[in-house]
Trainee: 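The structure is given below, and queries will be raised subsequently.
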Amino acid sequence: MNLAVTDVRLTPILVADPPLLNTQGVHQPYTPRLIVEVVTADGVTGLGETYGDTKYLELARPFAERLKGRQVSDLNGLFTLADQVAVDAARVENAVDVGGLRGVQTADKLRLSVVSAFEVACLDALGKTLGLPVHALLGGKVRDAVEYSAYLFYKWAGHPEGVACEKDDWGAAVDPAGVVEQARRFTERYGFTSFKLKGGVFPPDEEIAAVRALAEAFPGHPLRLDPNGAWSLETSLKVARELGDVLEYLEDPTLGIPAMAEVAERTGVPLATNMCVTTFAEIKEAFTTGAGGAVQVVLSDHHYWGGLRNTQQLAAVCRTFGVGVSMHSNTHLGISLAAMTHVAATVPNLHHACDSHYPWQSEDVLTERLAFEGGKVPVSDAPGLGVELDPERLAVLHRRWLDDDGTLRDRDDAAAMRVADPEWVMPSVPRW
């Protein structure tokens, strides 16, 4: 058994994305992702996936070269390797991580987002070599299926006329009736029983009405609303008070730990975040500010926390402080969903359904898409992640990336909105 890495293949791709609206703008017709393949001396290939924007590719390429010759079992060494990769200062000076919506961009955050894909690929290769599923390498599963939530979006019927894109059959959702219909289709297709609405798109009263409509259509089902910090403190207090009786939690209503703490203390509505707690250094302030802390649920994301084992460490810290944990999602494919499912299966204190964009993605790089059964993804016991790469499909999506003139290689929701509205400027925060 030879666990040495002999080759690393990096394949940037562009994957179709529907016109989903958020406070910054609208999703572009294609989103960049990076597929990582780590090959061992025994010919075993492990798979990983992360963001594919230029700033991540700049780090992934030198990282891949340094990985060759090392053991796929040397997971701790990945962080040492990452520290050796220089980050272009222009990427982090006065820069805000707009696409990820997670505060100020730093060199460490960029590195962790790259490390995560390589860690998953190494775990996949190690699991395949040993004949063990990834969840076994993480200590073993505590559940056989992981629950996911229907991720609802305000949405146009299609991308602007004349824009090259893939068609979808979801239709428009720009009012409460459209949101409820979207939720019904999610339920019919995937069996989801909880719902999250991406807010910050329309004035708060309209989004309050949409959540109220969901509560009426799906009585007793867990509901969440996420405006990505688009509201002021006073607006956040108003919405929390008006929806407190139907929300499972309110996600990132306003920016900053002090403001979040005030909303939590004055309304008693549980607050979740993937924006004000995105590194271990931010945990202490978030968990100790105010009478009950600034957040009651942390939405982890192995892509930017640095991998699956860091996600377990985060969950352990949350358990220590009595803070809930679930999972955040950005546009992703099946490799990421498989990785999310494996680590989620090992977290005892995962008491909220996880987020996933996967139902929105009509394309994938796997030979077989992962399936939701009753709103859950079964945890695979096959070696590694339990998924197989489709080389032909990967080549098609990579060719799309190669053929792009550079306008889609970096996600920019505001730029996509300007195609429809040339006067669009990314709203200042708070927007309302």
Side-chain angles (χ1 to χ4, degrees), residues 22-24 92-110 112-113 196 198-200 204 224-241 243-244 247-306 310-311 313-330 349 351-352 355 426-432:
N22 57 40
T23 194
Q24 296 178 343
V92 295
E93 289 179 357
N94 300 315
V96 176
D97 187 354
V98 175
L101 290 168
R102 50 195 170 112
V104 176
Q105 189 165 271
T106 69
D108 284 342
K109 287 183 181 180
L110 290 177
L112 288 173
S113 295
K196 167 178 168 176
K198 176 66 75 177
R224 309 142 179 200
L225 176 60
D226 172 23
N228 283 130
W231 301 335
S232 67
L233 171 60
E234 288 305 317
T235 299
S236 299
L237 291 169
K238 174 180 181 294
V239 176
R241 287 165 177 155
L243 292 178
L247 286 179
E248 177 184 16
Y249 57 69
L250 181 59
E251 180 180 339
D252 286 310
T254 190
L255 294 181
I257 289 173
M260 289 279 284
E262 189 166 349
V263 174
E265 187 169 351
R266 292 174 61 182
T267 68
V269 174
L271 300 187
T273 187
N274 70 281
M275 294 177 66
C276 67
V277 180
T278 62
T279 65
F280 286 99
E282 294 166 326
I283 288 176
K284 181 179 179 180
E285 181 185 3
F287 288 5
T288 59
T289 299
V295 296
Q296 288 69 53
V297 182
V298 172
L299 304 179
S300 64
D301 187 321
H302 77 271
H303 299 92
Y304 59 72
W305 278 90
N310 272 12
T311 299
Q313 292 178 28
L314 170 63
V317 174
C318 289
R319 184 166 64 249
T320 301
F321 281 87
V323 173
V325 66
S326 187
M327 285 191 182
H328 162 263
S329 166
N330 212 322
N349 53 316
H351 301 310
H352 304 275
D355 296 341
M426 188 181 298
S428 58
V429 179
R431 190 174 178 185
W432 286 286

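What you see is a predicted model, and the numbers here were worked out from it, not measured in a lab. These values consider heavy atoms only, across backbone and side chains, with no hydrogens, waters or symmetry-generated copies.
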Trainee: Check A259 against L233 and note the closest heavy-atom contact, atom names and distance.
Mentor: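 Taking A259 first and L233 second, the nearest heavy atoms are O-CD1, 3.8 Å.
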Trainee: Is the shortest side-chain heavy-atom distance between L314 and I283 below 4.5 Å?
Mentor: yes
Trainee: How long is the gap from NE2 on H303 to CE on M327, to the nearest 0.5 Å?
Mentor: 10.0 Å
Trainee: Please step through side chain to side chain contact (heavy atoms under 4.5 Å, CB included) for the pair H328 and T273, ending with a clear verdict.
Mentor: CA-CA 9 Å; H328 162 263; T273 187; over 6 Å; no
Trainee: P204 and V239: which non-hydrogen atoms are nearest, and at how many Å?
Mentor: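 Result for this residue pair: CB-CG2, 4.0 Å.
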Trainee: Locate the shortest heavy-atom distance separating L271 from A294; write the atom from each residue and the value.
Mentor: CD1-O, 3.8 Å
Trainee: Between N274 and L299, is there a donor-acceptor pair closer than 3.5 Å when you use the side chain of the first and the backbone of the second?
Mentor: no
Trainee: By side chain to side chain contact (heavy atoms under 4.5 Å, CB included), which residues pair with E265, not counting sequence neighbours?
Mentor: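 With neighbours one apart ignored, the set is A291.
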Trainee: Examine distances only and state if a side-chain atom of T235 and a backbone atom of W432 form a donor-acceptor pair shorter than 3.5 Å.
Mentor: yes
Trainee: Is any side-chain heavy atom of L255 less than 4.5 Å from a side-chain heavy atom of V429?
Mentor: yes
Trainee: Checking R266 side chain against L237 main chain: does a donor-acceptor pair fall under 3.5 Å?
Mentor: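 Here the side-chain-to-backbone pair does not exist.
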Trainee: Under a 3.5 Å distance rule, please check whether T320 uses its side chain to pair with a backbone N or O of A316 as donor and acceptor.
Mentor: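 Pair found, side chain donor or acceptor close to backbone of A316.
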Trainee: Please step through side chain to side chain contact (heavy atoms under 4.5 Å, CB included) for the pair L250 and L243, ending with a clear verdict.
Mentor: CA-CA 9 Å; L250 181 59; L243 292 178; over 6 Å; no
Trainee: Working to the nearest 0.5 angstrom, can you tell me the gap between E234 CD and E262 CD?
Mentor: 7.5 Å
Trainee: Quick check: closest heavy atoms across T289 and A261, and the distance to 0.1 Å?
Mentor: CG2-CB, 3.6 Å
Trainee: Between D108 and T279, is there a side-chain heavy-atom distance shorter than 4.5 Å?
Mentor: no
Trainee: Under a 4.5 Å cut-off applied to non-hydrogen side-chain atoms, are N330 and Y304 in contact?
Mentor: no
Trainee: I'd like to check C276 versus V295 (side-chain heavy atoms, cut-off strictly below 4.5 Å). Are they in contact?
Mentor: yes
Trainee: With distance as the sole test, does D226 use its side chain to make a donor-acceptor pair with the main-chain N or O of N228 at under 3.5 Å?
Mentor: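 Side chain of D226 to backbone of N228: a pair is present.
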Trainee: Just say parallel, tilted or perpendicular for the rings of W305 and F280, cut-offs at 30° and 60°.
Mentor: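 Perpendicular, since the angle between the ring planes exceeds 60°.
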Trainee: Does G200 offer a backbone N or O that forms a donor-acceptor pair with the side chain of N22 under 3.5 Å?
Mentor: no
Trainee: Taking the side chain as C-beta and beyond, is there a heavy-atom pair between R431 and T23 under 4.5 Å?
Mentor: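 In contact.
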Trainee: State, with a plain yes or no, whether a side-chain heavy atom of T254 is found less than 4.5 Å away from one of P430.
Mentor: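 In short, these two side chains do not touch, never coming nearer than 4.5 Å.
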Trainee: Between S300 (side chain) and S326 (backbone), is there a donor-acceptor pair under 3.5 Å?
Mentor: yes
Trainee: Using every non-hydrogen atom in the two residues, find where N349 and A315 come nearest and quote the distance to one decimal.
Mentor: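 Smallest heavy-atom distance, with atoms named: ND2-O, 3.1 Å.
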Trainee: To the closest 0.5 Å, what do you measure between CD1 (I257) and OG1 (T288)?
Mentor: 8.5 Å
Trainee: Which of these, K196, R224, Q296, sits in a side chain to side chain donor-acceptor pair (under 3.5 Å) with Y249?
Mentor: R224
